[in-house]
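Here is how names work: the chains are called A, B, and so on, in the same order as the sequence lines, proteins then strands, and each is numbered from 1. All values below come from the heavy atoms of this structure, side chains included, with hydrogens, waters and symmetry mates left out.
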2 protein chains.
Amino acid sequence: MTTEQRPLRADAQRNLERITASAQVLFAERGTRAQMEDIAAHAGVGIGTLYRRFPTKEALITALVRQRFQEFAAIAAECEHITDPYEALATSMRRQAESIEGDAAFQLAMMNIDNFSWDGIDEDKSALNAILSRIIERAQAAGAVRADLGVEDYGMMMCGTTATMYFMHGEHGWQRHLDLVLAGLKPS
Amino acid sequence: MTTEQRPLRADAQRNLERITASAQVLFAERGTRAQMEDIAAHAGVGIGTLYRRFPTKEALITALVRQRFQEFAAIAAECEHITDPYEALATSMRRQAESIEGDAAFQLAMMNIDNFSWDGIDEDKSALNAILSRIIERAQAAGAVRADLGVEDYGMMMCGTTATMYFMHGEHGWQRHLDLVLAGLKPS
DNA sequence: GTGGAAGAGGAACTACGGTTCCGTATACTG
DNA sequence: CAGTATACGGAACCGTAGTTCCTCTTCCAC
């Protein structure tokens, strides 16, 4: 537990927020190719400052990706309250996809393009999967989806949908992909 | 029509073949990250020689990607002879996917990860799409797939499947993705 | 054979972008 | 209002990998 470091100095805290915000914007826009210097500049900060908080580019991206996974969990948690068991599942997928629509870097992350190690991501993933499992099981119990559906399938389909999202950035073609995939979930 | 250059000198021809073969192997194995020097070395050739044939890395990759698309067309053409209209479609997808299973670079290309310009690829794509359109229409006429299916859907689904293939390189998870997607094609 | 166009090889060049380092500035504690 | 730990900035460093260039070699047409 080295987590309990004394709070950041006020200016440092402010800069940290600006950095993550700028990083989010630029990575979303340009994917992993966004450059550290540009991010620092966008945040109105020197590179040294950036590197003080994130020892490496990979660390910075990992932080953002983890945020996204936590967001996914939050969305899933909300959808769990939807009464119709099928809609709970479908809506979860759709809303998660929508939430990353403009984020090129996260899309690449979903496909693990840069094969980073994503330190600590497993933690977030299992928290998310716990919720998703419940949603899936409920849909199965109601006979709304095929009996052999698993959480891994969920991730896989999101991966596929994300790929089309990246492939056709501007257009909304990914929604079509999601529709087809959702149709494939109906019990055979 | 600048296509009609005199034939290559015997040694040059031999080297060209070795180069494309080696490039195929290394790009398949390492994706776009494979290095020009390594490819030259693998082919038993100097870098200068490599650059004499392919003025740029992108050009080399494009040549290989075009080959793959031509292969796709060949597979589709074979599948057109399958009697069952649905099987023709499904088999085409499955066999194409199988054919690129070990080829990381092409998988990245399918998702347009490196946003190259892929000079001349449109030509190959439309040749392929012509065949696929016929296959799809036949399946629709037989009532085997949804009426609103289009060629773009085919490409999109292949893109999604390819993403899972890249994502889970070793394992065969992509087959599951393809199954789900194929199930989604059934008429509603 | 032989002349010369085409080809081979690979050291060196270059651009790019992540990361380091250190002198200077600033916030907090007592 | 010091004194110091923390933070800031950004020039410089460095590794990587694509590409160029120039000398030497080889094929082939006559």
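In this structure, B/Thr49 does not reach the C/dG7 phosphate: none of its side-chain N or O atoms is under 4.0 Å from OP1 or OP2. Contact annotation: B/Asn15 reaches the phosphate of C/dA8 (side-chain N/O to OP1 or OP2, under 4.0 Å). The shortest distance between the side-chain N/O atoms of B/Thr56 and the OP1/OP2 oxygens of D/dG18 is not below 4.0 Å.
Taking 3.5 Å as the limit, the base of D/dA7 and the side chain of A/Arg9 contain no donor-acceptor pair of atoms between them.
Here A/Arg53 lies in heavy-atom contact (under 4.0 Å) with sugar-phosphate atoms only.
Taking atom CD1 on B/Ile47 and atom C1' on C/dC13, their separation rounds to 12 Å, with Å as the unit. The CD1-P distance, from B/Ile61 to D/dT19, rounds to 10 Å in whole Å. Across the protein-nucleic acid pair, B/Leu16 atom CG and C/dA6 atom P stand 17 Å apart, rounded to whole Å. Distance, B/Phe54 CZ to D/dT19 P: 13 Å, rounded to whole Å. At whole-Å resolution of the value, CZ in B/Arg14 and P in D/dT26 are 12 Å apart. Note: CG (B/Leu60) to P (D/dT19) measures 10 Å, nearest angstrom. The CD atom of A/Glu37 sits 13 Å away from the P atom of D/dA12 (whole-angstrom rounding). The CD1 atom of A/Ile19 sits 11 Å away from the C1' atom of D/dA7 (whole-angstrom rounding).
Geometrically, A/Lys186 engages A/Tyr86 in a cation-pi contact defined by less than 6.0 Å to the ring centre and at most 45° from the axis.
Picking from C/dG17, C/dT20, D/dA7 the nucleotide with the shortest atom distance to the side chain of A/Tyr51 gives C/dT20. Distances from the side chain of B/Ala10 to the nucleotides D/dA7, D/dC27, D/dG10 place D/dC27 closest. Picking from D/dG18, C/dG18, D/dC28 the nucleotide with the shortest atom distance to the side chain of B/Lys57 gives D/dG18.
Across the interface with DNA chain D, nearest-nucleotide mapping of B/Thr32 and B/Asp11 shows B/Thr32 to be the residue nearer the 5′ end. Sequence order on DNA chain C of the closest nucleotides to A/Arg52 and A/Arg33 puts A/Arg33 first from the 5' end.
Side-chain N or O atoms of A/Ser92 include none that pairs as donor or acceptor with a backbone N or O of A/Ala88 at under 3.5 Å. With B/Gln107 contributing its side chain and B/Ile100 its backbone, the two residues share a donor-acceptor pair below 3.5 Å. Using a distance-only test at 3.5 Å, with no hydrogens or angles considered, a donor-acceptor pair links the side chain of B/Thr20 to the main chain of B/Glu17. Of the possible donor and acceptor atoms, one in the side chain of A/Arg138 sits under 3.5 Å from a partner among the backbone N and O of A/Glu80.
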